[in-house]
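Predicted, not measured: the structure shown is a model, and the values here were computed from it.
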Amino acid sequence: MNPNYDTYAVAIIIAFSSIIIGGLMAAALTFGEKDAFFFALGSATAAWIAGYAVFLDRPRTFMILVGIATVMAMASAFVLAF
């Protein structure tokens with residue numbers, strides 16, 4: 001395995017998950033929106049698992065999980081906005 005993949009995987013796990021958890025979840029809890037909180041939780045979980053897809057050298061799984069994380073983050077932001 002290429003050691004550079006490990007760096008990218010750790011960056012994905014830390015960056016995406018912490019941004020989603022720190023931002024969207026905090027906003028959802030502040031405004032009392034349960035739906036937005038659960039969308040943000042699902043998004044963070046998908047982004048966290050995507051890091052492991054890089055470790056296991058599964059590019060399709062990685063792209064699907066990143067897509068799921070993105071869609072769920074957008075859904076959380078949409079619920080918060082409206």
Which atom pairs, donor and acceptor, lie under 3.5 Å between side-chain atoms of residues 63-82 and protein residues at least two apart or in another chain?
from	atom 1	to	atom 2	distance (Å)
T70	OG1	V66	O	2.8
S76	OG	A36	O	2.9

Practice task
Provide the full list of ring-ring contact (aromatic ring centres under 6.0 Å, His included) pairs with a residue in residues 30-50, sequence neighbours left out, each pair given once.
Solution key: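 Only W48-Y52 qualify under ring-ring contact (aromatic ring centres under 6.0 Å, His included).
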
Ignoring hydrogens and angles, write down the donor-acceptor pairs under 3.5 Å from the side chains of residues 19-30, residues two or more places apart or on other chains.
from	atom 1	to	atom 2	distance (Å)
T30	OG1	A26	O	2.7

